[in-house]
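A, B, ... follow the sequence lines: proteins, then strands. Residue 1 opens every chain.
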Amino acid sequence: MKISLQSAQSTTPTDITGAGVDEIVRRIGAQLGAVEEVIDWGKQYQGVIVAKVVQCAKHPNADKLSVCLVDDGGVVGNVPRDDNGLVQVVCGAPNVQTGQTVVWLPPGVTVPSTFNSADPFVLDARELRGIVSNGMIASASELGISDDHDGILVIDEAPHPGTPFTQLYQLNDTIIDLENKMFTHRPDCFGTIGVARELAGIQQQQFVSPDWYKNAPVFDTATTKPLSIAVQTSLVPRFSAVVVDKVTIGPSPTWLQADLVKVGMRPINNIVDITNWVMHMTGQPLHAYDYDKVVAVSHSDQVELIARLSKKGDTLSLLNGKSLSFDDDSTILICAGSTPVGIGGVMGGADTEVSKNTKTIVIEAATFDMYSIRKTAMKFGLFTDAVTRFNKGQSPLQTTRALHKAVTFVKEFAGGQVASQLMDHQDQSVQPLSPVSVGLKFINDRLGSSLSISECKQLLENVEFTVTINDDDLVVDVPFWRRDIHIAEDVVEEIGRMYGYDKLPINLPQRSSQATPKNAMMAFKERLRDILTAAGANELLTHSFIHKRILDGAGQSVDNALQLSNAISPDLQYYRISITPSLLDKVHMNTKAGYGTFALYEIGKTHSKKWMNDDGLPIEAQRLALVFAADAKQTTAYEGEAYYQARAYIDMIASALGIILHYVPFADDSDKITHSDTARPFMSKRSAVLRTEQGEVVGVVGEYNALAVKKFKLPEFCAGFELELDALRNTSEVTATRYIQLPKFPKVSQDITLEVDASVVCAEISDTLTVAVDKNAPNDSLVSLHLKDIYEDNGKRRYTFGLVISNYSRTLTAKEVNDLLDVSASELTGILNAVRI
Amino acid sequence: MSYTFKEIIAAKTQLEAEFAALTDKKQIVKNPLLRDLFAKIPTIEASQRALYGGEVNALKQEVTTWLVTTSTKDERAGIDVTAPFAPNTKQRPQVLLSTVGTKHPVNEEIEHITDIFYRMGFTTLESRQLDDDYHMFESLNFPVGHPARDDYDTFMTTDGFIAPAHTSTMQNRALRQYATNLSRAEPIAVVVPDRVFRNEDLDATHEHTFHQIEGVFVNRGVTVGNLIAVLQAYLSEYFGQELKTRIQPFYFPFTEPSFEFAVERPATLRKDNTEAEQWLELGGCGMIHPNVLKMAEIDPTVYTGFAFGFGIERMIMLKHGIEDIRHFMSGKLEFLRQFR
């Protein structure tokens, strides 16, 4: 919202701009909201001078040029002058005449309309067809105050020659561009009067609204051009309109055009400019229709404007050249008889547009339901100045005031006269808001202030609230332009802002010594990160949304993936079902970037249509996934399959968390874990399901299947895992202390090698041997078995275990240890047909 | 996968045999055996029907996976996954050196920020990555269709869920979860650092996925002055020096009054001494709207509170001079390994 400080000042006798631009901008920042830009409007007119055309003669060498002598009051230095002190300027405009007061751009001055362009045009003295022109006489377009470039700007007022141009039309102005967002609930601040009132309030000054705005309007009344209105929808609480006859369409006064240009609006003609000017002043959008065109399209003698909802089959050509057809009842239309002539509160129709030959106009000032306006604007992509105002919930109590001001201007600047009665529909919602009562303590409690009741009253009255004091309560009457004051907190906001939040005492809340509870899951994740960082892994984050190709590459079905309905790119079509595919997608690029060996991991959330919680929301499963990759050059550094490398990471995590995990081959999976989406990218022959000692499934680990290898361009040496954090954390929390008391007596170490059929897997023989050794060990012993080597040859496997044993009450003899291994080995011979080597 | 129904087990065996013999492997999914099994579902005794149907479906799925796995030929042999290392090897698998290990800078930052807030008495909650309209908007006093919703370009799913555009989506839950604090005369003091999503195009300063931290504080007699003091205390601790804060009126439906807040930019983070470099705009804050408290069943006539929120990536970018926000989610080791 752009505001001209001069226009703001012109609304009130209170001095609201005297503090200076810097101070005003500072105050706005602290007490009203963010300032996006401050524009020194007068800067572009530096050196531009009002001059009088004393003599104007035809150029001897050019039909279309005139040679003028202008009087600048002698204020400009360094220009050649004749004996009378006049300056010669060649002018190409058809309308230049002797006696005119014009705007002269002397040599050295920049053409204002090019001032902010990439290529500013600076005037000089140059010959035009043999005659020197000292600068130029400017058109309104060159001055940047309107689009009119048909001729030079002729000034009707008669300022002295030599007057700086900025002294006219309030051009010595500052434009402040305020951020719109903070006015979401303040439709009144989309009008200059509203902002001017705030400026007074935040400077603790009493604002007085202009009489024409404050006082109830009285309309002329006539019946020469009859008009009736009908409102057939509750989405139009107020609809006011009046006919003005005998208007002459033409440009509006220069000052009015300048006012519009300053705030970024384009002058069109006097009628449209007036409606825009009144809108920018009050925040109330207006629309003018050509009365005769309305009569023509309504196919009826009776001129009736009807506000109703759209229906299937309605069509409308808009002012912006677009044609719309409507297929439901979601849009408010203004119709002449049965013919739509505008979208209410959004944009008028082309067929009833005010144009050059318009003689009679209908001006409408109405209020529309903000939600409906927003929906319509979004549906058709129409974001007009009217939409900006109506979708904030403009007050319905000011339509006739704005309308009356527009009529006054039309009479003054387009020579019209009122030709109908004021037609004014209002429903029962068109009422001032109820007074709000708020206690002084309530205010001070929330602001932390110690304001007196009279201070509060004054702050509110400055912005024209009517306040009565009732003991310790303020009873606040809400002025008709405010629609945002409903509850006591709204009044607190108003008082705080007017007083100045920067002046409030600041102090920390009191607190007890109660310990702040830690978030256990977040702490657990921090712990995992610490473990994995120490294991040389790199944490990455990837998007929660993925492309279908990632699901496909992982062999996951899109049926289970939650799908975005409004994604901006196919890269974000689905919510990921597991983390692994996103990680696999990052392997190749890092290999290509020259990283030979790495371990990438992510801790994140996954979603599936299959997992919903009791509130009907998707369960957010927290996962840790890791992928280890080594490119072809690095593979020689590793013996064995990549699987064991991934497993080393799990073993490390398990040992750091003090838990034991079992590796169950996919082939032995009885709980269909291997059918889950998570297990999909893993290769069944080289993967395991991870289970706790209690049998709870924690995740899967393994190499990736051929499909994934191909789709994600994975190196040959690549494996990883995906773990469920809830299961992992629960297990680590229930695991008791893992400290083992240190035996006082010496340890004995001895290896044992057992040969079995190659089909006997490691877990089987380890578990069996552990059971046998534990069973046969002398009482009170501390036993540890550790796999040292596996040798496979000719259908047989030899497992070598290192036994370390000690006893808490005595020194074990070598014989005891030998016997233990002998007995255990013979038991394994019975169970696994093992041969001790 | 093992099945319990005899005819399904038999069908699987036969399908396996036929699959091995097929030249056009795709034909297997059209095998009439599968169709027959499906056709039989309605005839199965009611108590067994769901189980039977489930197994038929599982078989169909399994058969489909054969197709996927054979479409890319895999020569790799099976291994003993119960062993910690491969047979006939001398080396034992080792994890990588800790010197190359890194945490993601965003998580590192979140650990740092939440640590400060723990010390200030704020506990931590995680946010959600999919939520409903009630938590994202309604419970925060955004009526349906309200234009203030336009400021949040939210992603939606086809099932009507919302990818939260702010961590305020947890405000109602945070207030409810810790409401009992109030009866013990303890404040509700929670921060929520997590992922948020905005439906916008990517460029060097815009990501559709980024991180925010939300704070809520409720107790008897909480004032605007408390809000400013808490922000100032946090920021001074964060930057390791006493800094001024500035608040500027704003509009959010869930706070009244609402502000944007900025902190005096520490000298080391200034490019020059211009006005623009003097303040660092951080985020939004305000006094929690009474309607928001009511929706969490907290009496706004007895309790008041404040909320605040700010972005996380921006501070990291500023600290390290990171030029492109897209690096955070890029998964590039070139980026990640710089944060040791």
Sidechain N-carboxylate O distance under 4.0 Å for [X], [Y]:
X: B/Arg92; Y: A/Glu639; value: no
X: B/Glu334; Y: B/Arg337; value: no
X: A/Arg529; Y: A/Glu539; value: yes

Next on the checklist: Regarding A/Asn507 and B/Asn226, do their side chains bring together a donor and an acceptor under 3.5 Å, going by distance alone?
Outcome noted: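 Per modelled atom types, A/Asn507 and B/Asn226 side chains form a pair under 3.5 Å.
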Is chain B contacted by the side chain of [X], its backbone, both, or neither, given a heavy-atom distance below 4.5 Å?
X: A/Asn538; answer: both
X: A/Glu179; answer: side chain
X: A/Thr597; answer: both
X: A/Phe666; answer: neither
X: A/Phe628; answer: side chain
X: A/Arg511; answer: side chain
X: A/Pro517; answer: both
X: A/Asp530; answer: both
X: A/Tyr595; answer: side chain
X: A/Arg686; answer: both
X: A/Ile487; answer: side chain
X: A/Lys181; answer: both

Checklist entry - Where on B/Arg76 is there a heavy atom nearer than 4.5 Å to chain A: the side chain, the backbone, both, or neither? => result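 For B/Arg76, the contact with chain A is made by backbone and side chain together.
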Checklist entry - Given that the side chain runs from C-beta out, which part of B/Gln248 has a heavy atom under 4.5 Å from chain A: side chain, backbone, both or neither? => result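 For B/Gln248, heavy atoms of backbone and side chain both lie under 4.5 Å from chain A.
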Next on the checklist: So, using side-chain contact (heavy atoms from CB on, under 4.5 Å) as the criterion, who are the partners of B/Ser127 when residues are at least two apart?
Outcome noted: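 Residues passing side-chain contact (heavy atoms from CB on, under 4.5 Å) with B/Ser127: B/Thr167, B/Thr169, B/Met170, B/Val192, B/Asp194.
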Item to check | Partners passing side-chain contact (heavy atoms from CB on, under 4.5 Å) against A/Gln31 (at least two apart in sequence or in another chain) | outcome: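 Checked A/Gln31 against side-chain contact (heavy atoms from CB on, under 4.5 Å); matches are A/Arg27, A/Ile202, A/Gln204.
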Item to check | Options A/Leu504, A/Asp651, A/Ile28, A/Leu572, ranked by heavy-atom pairs under 4.5 Å with chain B, top entry | outcome: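 That would be A/Leu572.
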Checklist entry - Are the ring centres of B/Tyr251 and A/Phe183 closer than 6.0 Å? => result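 No, too far apart.
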Item to check | Aromatic contact, B/Phe335 with B/Phe328 (centres under 6.0 Å) | outcome: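 For B/Phe335 and B/Phe328, the ring centres are under 6.0 Å apart.
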